[in-house]
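The next block holds one structure in the form of structure tokens; read it before the comments.
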2 protein chains.
Amino acid sequence: MKLPVSTEWLLHCAASLAQLEAGATASAAQLAQYFDLPAAYLAKQLQALVKAGALAATTGPRGGFRLARPASEITLLQIVEAVDGTSSPYECREIRQQGRGALSAEECQNPCILAEKMAEAHEAWRNSLAATSLAEIIAALPPSAPPRTRLRLTGTS
Amino acid sequence: MKLPVSTEWLLHCAASLAQLEAGATASAAQLAQYFDLPAAYLAKQLQALVKAGALAATTGPRGGFRLARPASEITLLQIVEAVDGTSSPYECREIRQQGRGALSAEECQNPCILAEKMAEAHEAWRNSLAATSLAEIIAALPPSAPPRTRLRLTGTS
DNA sequence: GCAGACATACTCGGATAGAGTGTGTCCGAGTGGGCTTGG
DNA sequence: CCAAGCCCACTCGGACACACTCTATCCGAGTATGTCTGC
């Protein structure tokens, strides 16, 4: 079970975008320079966040990415699931219905207990991530961070 | 983020072994037939559970696998981590220290908030899985299940 | 001085190659049981 | 009839190919800007 490396990239990118002034944008190239990441691949992953509705992209000069919604309404879960998908890491393939010990269809009307327990664990993980928004992440940073980020990321204080 | 397919296999195998009488064993070939799985690969994965201390293996005729400890002391977490490893799915590579926006070493003495939040979510997942033991899984099955499993798995009622 | 049209440079978006991990398979070492044989 | 020794079949354990996803890269379509020209 392993999350893509780009998960960390996008979490940090989203947190940085949340520190910009309302309406301001940062391009994929700027974000890549800010974290020393491969620009082309980062741009591809940022598209995933756009499709998920977390970011908005504008093309053309002075364009780039910005948050599509207030930072308080974007949770860590939305970002993570935009990158990695929403499917559960445990996929029940109903092996209890196969082989010599196969159970009849009647006995399988109630779902497999093991699958239920794994789903519960996944829900606990999701709830934990959904409990934190980008706004809370920003609030935990020192007050000097946002101006510094704006300066080094976009060049405008 | 995806768990190996063998995770489901080993959860069901462990649950089946827990239904055997104390001291009884089932071979990898029997378990593979019982669930219609590739025997060789299943055997390889069962070794992981032996190394993790969840199962015990005996060689030679009439040998096979059995639980290494009482079913009440084997949690789902131990099985899952034996297959997939204990490392967190989110690996913080400290990109905040790289690139144009690199923070100084002093500012990074306290760990990255994003990494902390991701670690919290992973702990929530682990706690959820650690809360359920194999004994509780067996207890949730209908009373007719254990004899049936013993019969179809090992041939002995 | 002003408005409109144009060329431009910058942006995102999708389609295309390469590496690492999980998946599947095979064969060899070790061991307990069952048979044979001798007493 | 009993016991000891031997052979064997069955078990696990580790070493070897294949496939799929993540990683990385490139080039093309589209657009807001800035400039130039004509009125």
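Keep in mind that what you see is a predicted model, and the values were worked out from it rather than measured.
Across all strands shown, A28(A) has heavy atoms under 4.0 Å from sugar-phosphate atoms exclusively, and none from any base. Among the protein residues, A43(A) comes within range of no part of the nucleic acid, since none of its heavy atoms lies under 4.0 Å from any strand.
If you check dT23(C), dC12(D), dT25(C) against the side chain of S27(B), the one that comes closest is dC12(D). Between dT23(C), dT25(C), dT23(D), one nucleotide has an atom nearer to the side chain of V5(A) than all others, and that is dT23(D). Set against dG22(C), dA15(C), dA9(D), the side chain of P61(B) has dA9(D) as its closest nucleotide. Closest to the F65(A) side chain, of the nucleotides dG13(C), dA9(D), dC26(C), is dG13(C). Listed nucleotides: dC26(C), dG24(C), dT23(C). Nearest to the side chain of W9(B): dG24(C). Between dC12(C), dG33(C), dG13(D), one nucleotide has an atom nearer to the side chain of V50(B) than all others, and that is dG13(D). Of the listed nucleotides (dT33(D), dT25(C), dT23(D)), dT25(C) has the atom at the smallest distance from the side chain of A40(B).
Within the 3.5 Å criterion, the main-chain N or O of S133(A) finds a donor-acceptor partner in the side chain of E136(A). Between the side chain of S6(B) and the main chain of W9(B), no donor-acceptor pair closer than 3.5 Å is present. A donor-acceptor contact shorter than 3.5 Å is absent between the side chain of T75(A) and the backbone of L129(A). Panel note: side chain S128(B), backbone A124(B); no donor-acceptor pair is recorded below 3.5 Å.
The CD atom of E91(B) sits 15 Å away from the P atom of dG20(C) (whole-angstrom rounding). Distance, L49(A) CG to dG13(C) C1': 15 Å, rounded to whole Å. Look at CG on L46(A): it is 16 Å from C1' on dT25(D), rounded to the nearest Å. The separation between L31(B) atom CG and dC12(D) atom C1' is 13 Å, rounded to whole Å. The nearest whole Å value for the distance from the CD atom in E8(A) to the P atom in dT23(D) is 12 Å. Atom NZ in K2(A) sits roughly 12 Å away from atom P in dT23(C) (whole-Å rounding). Between Q45(B) atom CD and dC12(D) atom P there is a gap of 14 Å when expressed in whole angstrom units. The NZ-P distance, from K44(A) to dA24(D), rounds to 13 Å in whole Å.
With the nearest nucleotide of DNA chain C identified for both D84(B) and P38(B), D84(B) has the one nearer the 5' end. A residue-by-residue look at Q47(A) and L42(B) shows that Q47(A) has its nearest nucleotide of DNA chain C further toward the 5' end.
Listed pair T58(A) / dA32(D) fails the phosphate criterion, with no side-chain N or O lying under 4.0 Å from OP1 or OP2. A close approach under 4.0 Å does not occur between any side-chain nitrogen or oxygen of T59(B) and OP1 or OP2 of dG30(C). Contact between the side-chain N/O atoms of Y41(A) and the OP1/OP2 oxygens of dT25(D) is not found at any separation under 4.0 Å.
Annotation: the span from L134(A) atom CG to R69(A) atom CZ amounts to 10.0 Å, rounded to 0.5 Å.
Under the 4.5 Å side-chain heavy-atom criterion for ILVMFWY residues, a single connected hydrophobic cluster contains both I113(A) and L17(B).
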